[in-house]
Amino acid sequence: MLQIEQFICRSDNFCVLVHDPETGRTASIDAPDAMEIHTVLLDKGWTLTDIMVTHHHGDHTAGIMALKLKFGCQVVGPKGEADKIPGLDEALSEGDVFSFGAYDFDVLETPGHTAGHIVYHSAKAGLLFAGDTLFSLGCGRLFERGPAEMWGSLGKLKALPGETMLYCGHEYTLSNARFAVTVDPDNDALQKRAAEVEALRAGDAWTLPVPLSVEFATNPFLRADDPAIRAHLGMEDASDEDVFAEIRKRKDNF
Ligand code: ZN
Ligand code: FE
């Protein structure tokens with residue numbers, strides 16, 4: 001079984017460390033902050049062997065070079081933005097498999113937040129590391145690609161097994177929940193998750209990881225094809241891409 005350590009740094013970035021006791025390998029999903037990650041590694045007695053980068057933004061790559069210098073770890077990340085990622089050793093694209101001990105992680109390209117963004121999915125471990133593509137009750141802002149491409153990217157994640165545990169780049173769930181109920185007010189599963197999120201954050205607890213099945217039932221950005229949301233927005237006849245674009249636009253202005 002993989003061991004996972006999740007903590008917050010840089011105010012709202014999740015750091016996620018994955019440790020395989022069989023092989024002794026430890027991967028960091030992105031590298032928001034080298035010092036914070038180093039401290040947790042020391043505390044756990046783990047040696048960093050890999051960094052799995054999702055996209056080029058500084059809040060995900062700032063710690064790469066310092067960690068590489070310290071541990072000599074290998075850095076894998078998206079081929080589509082390889083020139084923007086310091087220290088990259090291996091560039092990955094759609095269909096590539098990153099093997100981590102006995103666990104394979106499939107690489108999916110999810111353009112939208114950035115043009116070359118990738119996510120890592122292990123069917124065997126039941127894990128999805130989604131970076132800034134999918135958040136709990138939200139999705140990444142569309143900085144480098146448009147809504148149609150992002151809707152396609154999210155479609156790939158909707159096809160993954162519901163029991164997959166979602167880990168993502170940021171603890172944004174509380175503000176996402178407060179927005180989500182405005183576009184999908186009659187969704188009981190969403191109301192329940194929103195109440196849970198309010199309680200978790202009030203107690204300073206994290207809202208991730210969460211099973212994808214919960215996101216499928218509650219995350220409006222995965223549900224642009226949902227009749228109740230479309231009716232609420234008065235967009236019954238619009239395309240899914242247009243409904244998604246409208247939800248994204250409302251969130252940007254929320
Ligand atoms: Zn980002
Ligand atoms: Fe980010």
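All ligand and atom numbering here is 1-based and tracks the order in the structure. It should be emphasised that the depicted structure is a prediction, and the values quoted were computed from it without experimental measurement.
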Review point. Is it true that K192 and E196 have a side-chain N and a carboxylate O under 4.0 angstrom from each other?
Key: no
Check your understanding: Between the side chains of E163 and S213, does any donor sit under 3.5 Å from an acceptor?
Key -> no
Exercise for review: Output the atom name for the N/O/S atom of D132 with the smallest distance to the Zn ion (ligand 1).
Suggested key: OD2
Study note, to complete from the structure: The N/O/S atom of H57 lying closest to the Zn ion (ligand 1) is ND1
Review point. How are the rings of Y172 and H170 set to each other: parallel, tilted or perpendicular (split at 30° and 60°)?
Key: parallel
Review point. From the Fe ion (ligand 2) out to just under 2.8 Å, does an N/O/S atom of H57 turn up?
Key: no
Point to revise | Vertex the Fe ion (ligand 2), rays to NE2 in H60 and OD2 in D59 - rounded to 10° | key: 90°
**Study point:** Shortest-distance N, O or S atom of D132 relative to the Fe ion (ligand 2)
**Key:** OD2
Review point. Under 2.8 Å from the Zn ion (ligand 1), is there an N/O/S atom belonging to H60?
Key: no
Review point. How far does CD of Q74 sit from CD1 of I51, to the nearest 0.5 angstrom?
Key: 10.0 Å
Study note, to complete from the structure: ang(NE2 H113, the Zn ion (ligand 1), NE2 H55) rounded to 10° is 100°
Point to revise | Residues R141, D132: salt bridge by 4.0 Å N-O rule | key: no
**Study point:** Residues D89, K68: salt bridge by 4.0 Å N-O rule
**Key:** yes
Point to revise | Salt bridge flag under 4.0 Å for residues K158 and D225 | key: yes
Exercise for review: Examine all N, O or S atoms of H55, backbone included, and report whether one is under 2.8 Å from the Fe ion (ligand 2).
Suggested key: no
Review point. N/O/S of D59 less than 2.8 Å from the Zn ion (ligand 1)?
Key: no
